[in-house]
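Worksheet for the structure shown next.
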Amino acid sequence: MPHPYVLLSAAVSLDGYLDDTGPDRLLLSSPADFDRVDEVRASVDAILIGAGTIRADNPRLLVNSPERRAARIAAGKPEYPLKVTVSGSGDLDPGANFWHTGGDKLVLTTDKGAERVRQLGLAADVFALGPELDWRRLLEHLHSVRGVDRLMVEGGGTIHTQLLQQGLADELQLVLSPLFVGTPDAPRLFGPGTYQSGRLRLLETRPVEDVVLMRYEPTAPGTGDLPSAADHHWLALACDLAGDCPPSETAFSVGAVVVAEDGTELARGHSREAGDPVVHAEEAALAKLDAADPRLVTATVYTSLEPCTHRASRPKPCARLILDAGVRRVVTAWREPDTFVTAADGSGALAAQGVSVVVLPEYEDRAKAPNRHLQG
Ligand SMILES: NC(=O)c1ccc[n+]([C@@H]2O[C@H](COP(=O)([O-])OP(=O)(O)OC[C@H]3O[C@@H](n4cnc5c(N)ncnc54)[C@H](OP(=O)(O)O)[C@@H]3O)[C@@H](O)[C@H]2O)c1
Ligand SMILES: [Zn+2]
């Protein structure tokens with residue numbers, strides 16, 4: 001199920017804290033950075049915060065600039081993004097600014113929390129996600145029911161930590177503030193646990209007065225059948241590589257990337273690469289790796305078109321090459337049509353051997369783009 005693009009936004013002290021322990025909110029950003037945050041807010045469909053941040057900071061979460069609000073209206077969007085909060089307990093203060101400012105409000109909670117919230121009579125929609133709060137279900141709900149394509153998450157730490165640990169964040173916008181908090185029981189940005197983020201890719205650094213904005217993208221593939229946000233980035237790259245193939249009237253243009261569990265790119269390839277008129281994308285990528293590379297067993301192969309199971313040009317089809325390489329996970333955009341082979345089922349053949357095959361159909365159009373001339 002498609003998710004929104006999830007953008008985490010936070011400001012942090014040099015010693016890694018989100019706040020101090022005083023009663024007032026600690027101002028970590030600079031005035032120009034608050035304006036940058038305002039611009040990001042104006043660009044999203046919804047802003048999400050945890051119930052802990054409502055209790056601690058009592059934020060309004062507005063788009064402050066009248067020009068940005070006018071531009072949203074001119075673009076056919078609501079004046080303010082949807083405001084979303086997450087609470088397990090349903091213990092929310094009806095007097096908090098969150099309920100009385102800005103756009104529509106939504107509480108995402110558990111079955112038990114929903115009973116409590118409904119008694120409060122808040123001017124907000126309430127949706128129960130089940131006995132426990134499941135982040136994938138939450139994101140699916142925001143996308144499919146609320147039409148949220150871009151979600152900005154403004155904390156606090158427990159929310160950011162869970163989204164990064166579960167591989168659900170597309171981007172982290174982190175502002176480093178030139179001060180120390182120094183109080184051990186102040187809230188930290190990130191808590192302990194296993195992060196499914198890999199080594200983050202640095203997208204941008206930008207000084208904003210005395211703070212520094214760093215934009216990062218997680219890189220780690222998902223696990224088994226569960227996609228991560230980074231799976232989308234890698235599959236998009238595979239689709240882009242398909243565009244580099246020399247054109248052909250008799251074969252598909254396909255791109256492939258092999259990525260290690262920790263998000264390291266191991267190899268990439270595309271059809272008819274380097275003057276070989278019959279090489280396939282997955283074959284070209286795997287051929288660049290040592291067959292004994294221990295990272296292959298936990299690697300993911302991203303391929304714009306599902307791996308082939310029949311081919312005349314070489315003894316082994318790509319599904320076989322993937323199995324022989326020991327790879328246990330494949331992410332693809334497009335199931336093979338009957339253009340050259342009838343009833344091809346590379347995904348089924350791999351799944352029958354215990355390989356997890358994830359199909360992300362939202363990339364199908366991108367995978368097909370360099371193959372339009374083959375589809376009558
Ligand atoms: N510097 C910054 O950029 C920034 C940004 C935001 C916040 N902050 C700071 O962060 C602190 C608050 O952070 P926080 O980590 O305590 O709170 P938080 O992340 O805002 O909210 C945590 C709350 O969200 C709900 N929740 C989260 N995950 C859940 C799950 N899996 N299941 C059920 N409920 C879940 C729970 O609500 P219930 O308790 O209702 O069950 C939980 O107590 C404040 O000090 C604030 O100033 C700083
Ligand atoms: Zn092939």
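In what follows, every heavy atom counts, from backbone to side chain, and hydrogens, waters and symmetry copies are set aside. First listed ligand is number 1; within each ligand, the first listed atom is number 1.
Of all protein heavy atoms, the one closest to atom 32 (N) of ligand 1 is Leu133 CB, 3.4 Å. Distance from atom 46 (C) of ligand 1 to its nearest protein heavy atom, with residue and atom name: Asp57 OD2, 3.3 Å. Distance from atom 3 (O) of ligand 1 to its nearest protein heavy atom, with residue and atom name: Ala11 N, 2.9 Å. With hydrogens left out, the protein atom closest to atom 15 (O) of ligand 1 is Thr158 N, 3.0 Å, a heavy atom. The protein atom (non-hydrogen) at minimum distance from atom 29 (C) of ligand 1 is Gln162 NE2, 3.8 Å. Here the protein heavy atom with the shortest distance to atom 45 (O) of ligand 1 is Asp19 OD2, 2.7 Å. Atom 7 (C) of ligand 1 has its closest protein heavy atom at Thr53 OG1, 3.2 Å.
Using modelled atom types, one finds no donor on one side chain facing an acceptor on the other under 3.5 Å when comparing Thr101 with Arg60. Trp334 and Glu306 form no side-chain donor-acceptor contact under 3.5 Å, judged by distance and modelled atom types alone.
Considering the Zn ion (ligand 2) as centre, the angle to SG of Cys308 and to SG of Cys318 is 110° (10° rounding).
Nearest to atom 26 (N) of ligand 1 by heavy-atom distance, out of Asp20, Val37, Asn58, Val86, is Val86. Selection from Gly156, Pro187, Gly50, Gly88 by nearest heavy atom to atom 37 (O) of ligand 1 gives Gly88. Looking at Gly157, Ser89, Ala56, Ser13 and measuring to atom 41 (O) of ligand 1, the nearest heavy atom belongs to Ser89. Here the shortest heavy-atom distance to atom 5 (C) of ligand 1, taken over His160, Glu154, Gln166, belongs to Glu154.
Here Glu79 does not pair with Arg72 in a salt bridge; the nearest charged N to carboxylate O distance is not below 4.0 Å. Comment: Asp45 does not engage Lys77 in a salt bridge, judged by the lack of any side-chain N to carboxylate O separation of less than 4.0 angstrom. Ion pairing between Asp293 and Lys288 fails under the 4.0 Å rule for side-chain N and carboxylate O. Arg268 has a carboxylate O that lies under 4.0 Å from a charged side-chain N of Glu265, or vice versa, which qualifies the two as a salt bridge. Using a 4.0 Å cut-off between charged side-chain N and carboxylate O, Lys316 and Glu283 make no salt bridge. A salt bridge does not link Lys105 with Asp125: every distance from a Lys NZ or Arg NE/NH1/NH2 to an Asp or Glu carboxylate oxygen is 4.0 Å or more.
Residue-level check: among N/O/S atoms of His280, ND1 sits closest to the Zn ion (ligand 2).
Taking a cut-off of under 4.0 Å to the non-hydrogen atoms of Leu28, the atoms of ligand 1 that pass are 1 (N). Listed by number with element, the atoms of ligand 1 under 4.0 angstrom from any heavy atom of Ala10 are 3 (O). Numbered from 1 in the order shown, with element, the atoms of ligand 1 that lie under 4.0 Å from a heavy atom of Ala51 read 21 (O), 23 (C), 24 (O), 37 (O), 40 (O).
For Arg25, the closest heavy-atom approach to ligand 1 does not fall below 4.0 Å. The shell of residues lying under 4.0 angstrom from ligand 1, judged by heavy atoms, includes Arg55. Taking a 4.0 Å cut-off on heavy atoms, Ile159 registers as neighbouring ligand 1.
At a 4.0 Å heavy-atom cut-off, ligand 1 touches Leu18 through backbone and side chain alike. Using a 4.0 Å cut-off between heavy atoms, Thr110 makes no contact with ligand 1 at all.
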Query raised in the report: Val153 and Leu163: side-chain contact (heavy atoms from CB on, under 4.5 Å), yes or no, with the steps?
Result: CA-CA 10 Å; Val153 180; Leu163 287 167; 4.0 Å; yes

Report task. List the steps and the verdict of side-chain hydrogen bond (donor to acceptor under 3.5 Å, both in side chains) for Arg272 and Ser253. Result -> CA-CA 8 Å; Arg272 301 178 292 287; Ser253 291; 2.9 Å; yes

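For ligand 1, one of its N or O atoms has an N or O atom of Ser87 under 3.5 Å away. Below 3.5 Å of separation, one finds an N or O of Gly52 facing an N or O of ligand 1.
With values rounded to the nearest 0.5 angstrom, Arg69 atom CZ is found 8.0 Å from Ile73 atom CD1.
Using cut-offs of 30° and 60° on the angle between ring planes, the pair Phe190 and Tyr195 is perpendicular.
Ring-centre distance between Phe180 and Tyr17: not below the 6.0 Å cut-off. Aromatic rings from His232 and Tyr363 are positioned such that their centres are separated by under 6.0 Å.
Under the 4.0 angstrom criterion, atom 18 (P) of ligand 1 counts as having a protein heavy-atom contact.
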